[in-house]
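A short write-up of the structure that comes next.
Naming: A, B, ... by sequence-line order, numbering from 1 per chain.
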There are 2 protein chains.
Amino acid sequence: MATIKDVAKLAGVSISTISRVLNAPDKVTKEKRERVLRAIEQLKYHPNALARGLIHKKTKTLGILIPDISNYYYAEMFRGMEDAAQEFGHNIIICNTDKDKQRMISALRSMKEKQIDGFVFTSEPVYPDYYDIFNQLGMPVVLASTQSLEYAIPSVKIDDEQAGFDAAQYLIDCGHRRIAMISGPHLDPIAGMSRLQGFMRAMRTNELDFDSARCVEFGNYRYDDGYAAMERLWNKNPELTALFAASDEMALGAIYFLYRSGIRVPDQVSVLGLDNTRIASMSLPRLTTVAQPIYEIGYKAVRTLQEVLDGAGPPTLRTYLPHQIVTRDTVKNVNGEIF
Amino acid sequence: MATIKDVAKLAGVSISTISRVLNAPDKVTKEKRERVLRAIEQLKYHPNALARGLIHKKTKTLGILIPDISNYYYAEMFRGMEDAAQEFGHNIIICNTDKDKQRMISALRSMKEKQIDGFVFTSEPVYPDYYDIFNQLGMPVVLASTQSLEYAIPSVKIDDEQAGFDAAQYLIDCGHRRIAMISGPHLDPIAGMSRLQGFMRAMRTNELDFDSARCVEFGNYRYDDGYAAMERLWNKNPELTALFAASDEMALGAIYFLYRSGIRVPDQVSVLGLDNTRIASMSLPRLTTVAQPIYEIGYKAVRTLQEVLDGAGPPTLRTYLPHQIVTRDTVKNVNGEIF
DNA sequence: CTGAAAGCGCTTACAG
DNA sequence: CTGAAAGCGCTTACAG
């Protein structure tokens with residue numbers, strides 16, 4: 001492969017001049033510039049970004065840590081990240097962590113060695129030891145779909161507590177009273193507990209009594225979790241008329257359980273999801289759900305990281321993007337009906 | 001950030017020795033080695049991979065060109081790629097091309113400058129001008145979910161023609177005679193035309209007459225395409241009893257059209273998809289489909305690229321991974337029924 | 001405007 | 001076993 005020296009030789013100038021036509025073209029006379037450009041073209045010269053990065057201490061490469069790109073939620077978010085990166089001339093190195101600490105550490109070490117300019121950390125809480133690692137590495141970081149109350153790290157997500165509240169309120173407004181929830185795991189303070197807390201706040205606000213032992217089950221956001229959780233829920237609480245699931249996948253899993261049990265959705269039980277991944281509109285019946293601006297979360301997270309890198313003043317510490325209920329076919333308005 | 005010089009100073013040795021404990025530890029006396037290791041630990045030293053890459057002309061990073069990571073099919077395939085990369089110590093730079101030539105070219109240029117060791121090109125045919133670009137860049141390439149008959153580029157995919165054949169044969173074995181297909185686009189020789197050709201071969205082999213004008217519609221693999229194609233198909237051919245769609249998403253779109261038209265699946269019309277993305281098992285009714293080993297295609301493509309990089313002899317030029325029909329709830333066996 | 005030189009952070013023969 | 005030196009491919013003051 002041709003290097004800057006080859007181009008210099010062919011064009012009959014010094015390597016400094018080659019560098020100048022690439023980085024500050026108008027510092028070079030037109031005649032030489034064109035000669036150089038021709039040589040570059042002729043040799044199919046591509047500047048070596050490693051050499052450049054070594055000098056500038058910038059690589060225009062960003063790191064993304066994501067639990068699992070084959071998860072639809074992250075796939076959509078990642079698309080937003082990549083678009084933002086591409087738009088501003090960055091490349092992305094991505095790593096799936098499966099929420100595994102060792103995998104994350106080794107990915108981060110590898111990214112550090114490759115001199116990425118900064119990274120986005122997705123979906124997991126920032127535990128103290130994670131924070132120590134971030135600090136040691138000394139690279140800018142932005143959180144996507146998670147946040148930290150303890151540490152001053154910029155984050156982009158929806159207001160999960162409010163989303164949980166709005167979900168319950170929506171079902172209540174549709175006339176439901178005996179409402180259950182399939183929540184995320186206890187161990188997930190972000191998308192797990194916050195949504196549940198919002199949900200319970202709405203129940204309290206509406207003075208509906210609510211026995212969490214009978215009305216809440218837990219799952220890890222996946223389809224199978226939703227199916228199993230619905231089964232447990234139904235066994236202890238067959239009077240419920242509406243369900244809120246903390247993810248679309250769990251909502252679909254729950255619907256499948258109900259379907260197999262001969263319980264009609266939404267006639268007998270209404271189901272409300274959360275996320276609005278594309279499956280929500282491709283399933284049957286089409287899922288009513290609390291939509292997250294998934295793509296935008298990814299896009300905004302990378303934009304925020306870029307702002308940090310540009311050093312253009314401190315970015316907003318906590319950005320909350322709006323969620324919104326998308327009405328489709330799985331929630332029935334039962335106002336006026338007699339039970 | 002600490003450099004090799006800082007470590008050398010702290011440990012009281014030369015930088016050569018630091019380099020040796022990192023790359024060939026047993027060439028260094030135990031005593032010095034431990035002193036160095038302690039200094040590395042103390043300074044939180046991370047070697048700079050740019051400097052290393054500049055010398056070795058290897059970066060241990062791979063490029064992936066994919067049409068759209070938010071597409072479920074690619075998301076699953078990409079997971080396989082990333083796992084293979086990680087397993088063998090590579091990182092991945094990914095770029096979404098949207099099948100746009102300019103985007104692809106600029107991504108490739110950028111990856112070239114960053115000195116990736118090789119790349120995987122996904123899903124699109126290798127047009128002559130693409131081949132020229134690959135050649136100019138001079139980087140090893142492997143094709144995933146596409147192939148080239150003209151050029152000697154290693155590829156990994158299913159046998160699409162045979163998959164189309166097997167799909168039709170399966171429906172025929174289930175007793176269907178009036179079968180239609182929603183194919184991929186005319187312009188897609190790989191997943192579009194091959195599957196259709198296989199489908200038509202099966203019809204001929206079984207001596208079923210087949211009017212392609214009445215029995216085939218086209219779409220771009222997406223849900224909405226499937227819906228629209230099914231509508232056109234039904235308008236001109238309401239006698240059909242079975243449908244094969246060239247993607248799961250189109251199958252689901254078709255099912256939604258049938259559902260809205262009051263046509264029951266599979267009682268009145270059977271539907272067979274292709275891909276077996278996770279939506280196939282999360283939709284209702286659960287979709288019977290021709291499963292591609294999606295994850296494995298991605299995994300194997302990266303493995304093949306790594307073999308090329310290792311220079312361990314020429315890899316298999318064309319790898320076909322097995323497909324298989326996954327029976328669920330959308331295809332009815334009508335043998336013995338009277339029409 | 002242009003070129004020679006120093007330097008980015010490493011690795012790798014080459015002496016000793 | 002260990003260190004000094006050259007070099008990977010660039011950029012950037014510094015002279016001229």
### Message
So that I can tick it off, tell me whether A:Lys32 and A:Asp26 are bridged by a salt bridge, with the cut-off set at under 4.0 angstrom between side-chain N and carboxylate O.
### Response
no

### Message
Checking B:Asn96 against B:Tyr74: is there a side-chain donor and acceptor pair closer than 3.5 Å?
### Response
no

### Query
Which ranges of DNA chain C pair up as stems, where a stem means three or more consecutive Watson-Crick or G-U pairs with both distances under 3.5 Å?
C:1-3 with D:14-16, C:5-12 with D:5-12, C:14-16 with D:1-3

### Query
According to a strict under-4.0 Å criterion, is A:Lys27 in side-chain N/O contact with OP1 or OP2 of C:dT2?
no

### Message
Less than 4.0 angstrom from a charged side-chain N to a carboxylate O is my criterion; do B:Lys60 and B:Asp117 meet it?
### Response
no

### Query
Any Lys/Arg nitrogen of A:Asp129 or A:Lys101 sitting under 4.0 Å from an Asp/Glu carboxylate oxygen of the other?
yes

### Query
Could you give all pairs that pass the ring pair (Phe, Tyr, Trp, His ring centres under 6.0 Å) test and reach residues 82-103 of chain B, with sequence neighbours left out?
none

### Message
Check this for me, if you would: do A:Lys44 and B:Asp132 make a salt bridge, where the nitrogen-to-carboxylate-oxygen distance has to be below 4.0 angstrom?
### Response
no

### Query
Base, backbone or nothing for each nucleotide of nucleotides 8-16 of chain D, written B, S, -, heavy atoms under 4.0 angstrom, 5' to 3'?
BBBBBB---

### Message
With no hydrogens and no angle check, just 3.5 Å: does a side-chain donor-acceptor pair link B:Asp83 and B:Tyr295?
### Response
yes

### Query
Any side-chain N or O of B:Thr17 less than 4.0 Å from the OP1 or OP2 oxygen of D:dC1?
no

### Task
Considering only NZ, NE, NH1 and NH2 on the basic side and carboxylate oxygens on the acidic side, decide whether B:Asp310 and B:Arg303 come within less than 4.0 Å.
no

